[in-house]
Amino acid sequence: MPELPEVETVVRGLREPLIGHTILGVTCEQSRTIRHADMATLAARLQGQTVTGVNRRAKYILCELSGGDLFIVHLGMTGRLYVVSDDSHWHADRWAHVILQLDGGQQLRFSDPRRFGFVSVVSNFAEIAPNIGPEPLSDDFTRAGFAEKLKRHHKAIKALLLDQSFVAGIGNIYADESLFRARIHSLRPADSLKKAEIDRLYAAIRSVLEDGIARQGASINWYRKVDGTTGEAQDHFDVYGRDGEPCLTCGTTIEKIYVGGRGTHFCPKCQK
DNA sequence: CGGACAACCTGGCGGC
DNA sequence: TGCCGCCAGGTTGTCC
């Protein structure tokens with residue numbers, strides 16, 4: 001579910017309700033949902049802290065706290081973060097594993113049916129994810145650096161795009177969409193791409209992610225924005241989930257294969 | 001080191 | 001309508 005555009009949308013939605021607000025208390029259970037710290041440590045390090053910033057790195061949400069710690073959330077496959085008023089009649093959420101009580105009568109909930117997501121509190125982001133690649137929408141992601149790194153890998157380009165140490169934030173949906181936009185077959189060995197193809201892929205990754213953010217993410221199943229509403233990116237996919245349907249460019253039937261164990265959608269005529 | 005694959009969990013959906 | 005098997009946007013650890 002949540003890839004870079006979805007996580008970025010959540011981050012932007014969290015700033016208004018969180019920044020400047022103080023965490024009064026923490027409600028949670030001891031479970032896999034809390035990583036790198038036990039329940040008591042998490043509560044102790046969050047309670048009394050004021051949120052000073054909310055940012056994203058790869059698919060991680062980083063809430064900066066006044067004491068210098070980072071409250072980290074990863075949404076996994078089915079995680080959601082949302083803010084509700086204490087007095088709202090919002091129905092009970094059986095998957096709300098962590099609830100932060102905020103000043104001003106609101107609470108931040110982390111809800112995750114499948115429990116692939118997690119929360120943590122650390123001093124430095126590197127404690128959570130020490131080996132994350134460049135942010136594709138930042139100046140750190142250069143065309144030259146991208147081309148150089150592609151030469152060092154022989155595996156399928158789709159599998160490489162999913163490697164978070166290669167480039168941050170791309171997941172299964174936007175990998176497929178980027179490769180379609182660049183007209184490159186998902187199974188091409190990374191080191192086989194010609195310069196023109198590398199240039200197309202570099203541009204495609206950026207534009208696909210930017211379009212995803214502009215549409216506030218893709219609500220295929222579980223993903224929702226902080227206010228509970230759906231994104232719109234799912235209505236504009238070229239290939240993801242469209243197997244059996246005609247390519248919007250040439251009319252050829254979109255195919256589905258598995259690459260690195262992940263469902264992979266592509267147009268056999270447009271992508272070579 | 002690279003790559004394939006299982007594991008972690010639970011819900012939703014299509015098919016029978 | 002009900003049950004069963006399969007699939008799912010991510011990450012990590014293991015094995016060859």
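All heavy atoms count here, side chains included; hydrogens, waters and symmetry mates do not. Chain identifiers are assigned alphabetically (A, B, ...) following the order of the sequence lines, protein sequences preceding nucleic acid strands; residue numbering begins at 1 within each chain.
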Between the protein and nucleotides 1-6 of chain B, list every N/O to N/O distance that falls short of 3.5 Å.
from: B:dG3; atom 1: OP1; to: A:K155; atom 2: N; distance (Å): 2.8

Exercise. What dot-bracket string describes DNA chain C from 5' to 3', counting Watson-Crick and G-U wobble pairs whose defining distances are under 3.5 Å, with [ ] for crossing pairs and | for pairs to another strand?
Worked result: .|||||||.|||||||
In whole Å, what is the span from the [atom1] atom of [X] to the [atom2] atom of [N]?
| X | N | atom1 | atom2 | value |
| --- | --- | --- | --- | --- |
| A:R80 | C:dG10 | CZ | C1' | 18 Å |
| A:L75 | C:dG10 | CG | P | 11 Å |
| A:I173 | C:dC7 | CD1 | C1' | 14 Å |
| A:Y174 | C:dG10 | OH | C1' | 15 Å |
| A:I257 | C:dC7 | CD1 | P | 15 Å |

Exercise. Is there a side-chain polar atom (N or O) of A:Y223 under 4.0 Å from OP1 or OP2 of C:dA8?
Worked result: no
Problem set entry | Phosphate-side-chain proximity, A:K256 and C:dA8, N/O vs OP1/OP2 below 4.0 Å | yes
Exercise. How would you list, by chain and number, every residue that makes a salt bridge (charged side-chain N to carboxylate O under 4.0 Å, His left out) with A:R188, sequence neighbours excluded?
Worked result: A:E197
Seminar exercise, completed: Quick tally for nucleotides 11-16 of chain C: nucleotides whose base has a protein heavy atom under 4.0 Å get B, sugar-phosphate-only ones S, the rest -, giving B-----
Exercise. Does A:L162 sit in a hydrophobic cluster with other residues, and if so which ones, taking ILVMFWY side chains as linked at heavy-atom separations under 4.5 Å, directly or through other members?
Worked result: none
For this session: Would you mind listing the cluster partners of A:Y60? Hydrophobic ones only (ILVMFWY), side-chain contacts under 4.5 Å, chaining allowed.
Result: A:L62, A:L70, A:I72, A:F118, A:V122, A:F125, A:I128, A:I132
Exercise. So, A:E3 and A:Y223: side-chain donor and acceptor under 3.5 Å apart, yes or no?
Worked result: no
Exercise. Which residue pairs satisfy the side-chain hydrogen bond (donor to acceptor under 3.5 Å, both in side chains) criterion with at least one member in residues 154-169 of chain A, sequence neighbours excluded?
Worked result: A:H154-A:D191, A:K158-A:N172, A:K158-A:D176, A:K158-A:T264, A:D163-A:S165
Which pairs, protein N/O on one side and nucleotides 7-11 of chain B N/O on the other, fall under 3.5 Å?
from: B:dC9; atom 1: O2; to: A:R114; atom 2: NE; distance (Å): 2.8
from: B:dC9; atom 1: N3; to: A:R114; atom 2: NE; distance (Å): 3.3
from: B:dG11; atom 1: OP1; to: A:R94; atom 2: NH1; distance (Å): 3.1
from: B:dG11; atom 1: OP1; to: A:R94; atom 2: NH2; distance (Å): 3.0

For this session: Go through the steps for A:T27 and A:Q101 under the test side chain to side chain contact (heavy atoms under 4.5 Å, CB included), then give the verdict.
Result: CA-CA 8 Å; A:T27 304; A:Q101 186 60 50; over 6 Å; no
Problem set entry | Note, A:L201 side chain near A:F146 side chain (heavy atom, < 4.5 Å) | yes
For this session: Kindly indicate whether the side chain of A:H36, heavy atoms from C-beta on, has any atom under 4.5 Å from the side chain of A:E127.
Result: no
Exercise. With the 4.5 Å side-chain cut-off for hydrophobic clustering, are A:V83 and A:V119 part of the same group?
Worked result: yes
For this session: Could you tell me how the ring of A:F141 sits relative to the ring of A:Y202: parallel (under 30°), tilted (30 to 60°) or perpendicular (over 60°)?
Result: parallel
Exercise. Using a heavy-atom distance cut-off of less than 4.0 Å, which residues of residues 202-214 of chain A contact DNA chain B?
Worked result: none
Problem set entry | Partner residues of A:F116 under the side chain to side chain contact (heavy atoms under 4.5 Å, CB included) criterion, sequence neighbours left out | A:M77, A:R114
Seminar exercise, completed: The side chain to side chain contact (heavy atoms under 4.5 Å, CB included) partners of A:Q49 (sequence neighbours excluded) come to A:L65, A:S66
Exercise. Ring centres of A:F166 and A:H153 under 6.0 Å apart?
Worked result: yes
Problem set entry | From CA spacing to verdict: side chain to side chain contact (heavy atoms under 4.5 Å, CB included), A:H265, A:R242 | CA-CA 7 Å; A:H265 316 73; A:R242 296 195 63 247; over 6 Å; no
Exercise. Looking only at atom P, what distance separates B:dC9 and C:dC4, rounded to whole Å?
Worked result: 23 Å
For this session: Dump the intermediate steps for side chain to side chain contact (heavy atoms under 4.5 Å, CB included) on A:D211 and A:R215, then the final yes or no.
Result: CA-CA 6 Å; A:D211 288 353; A:R215 294 185 167 122; 4.2 Å; yes
If you look only at distance, which donor and acceptor atoms sit under 3.5 Å apart when one is on a side chain in residues 10-18 of chain A and the other is two or more places apart or in another chain?
from: A:R12; atom 1: NE; to: A:E8; atom 2: OE2; distance (Å): 2.9
from: A:R12; atom 1: NH2; to: A:E8; atom 2: OE2; distance (Å): 3.4
from: A:R15; atom 1: NE; to: A:V54; atom 2: O; distance (Å): 2.8
from: A:R15; atom 1: NH2; to: A:V54; atom 2: O; distance (Å): 2.9
from: A:R15; atom 1: NH2; to: A:N55; atom 2: OD1; distance (Å): 3.3

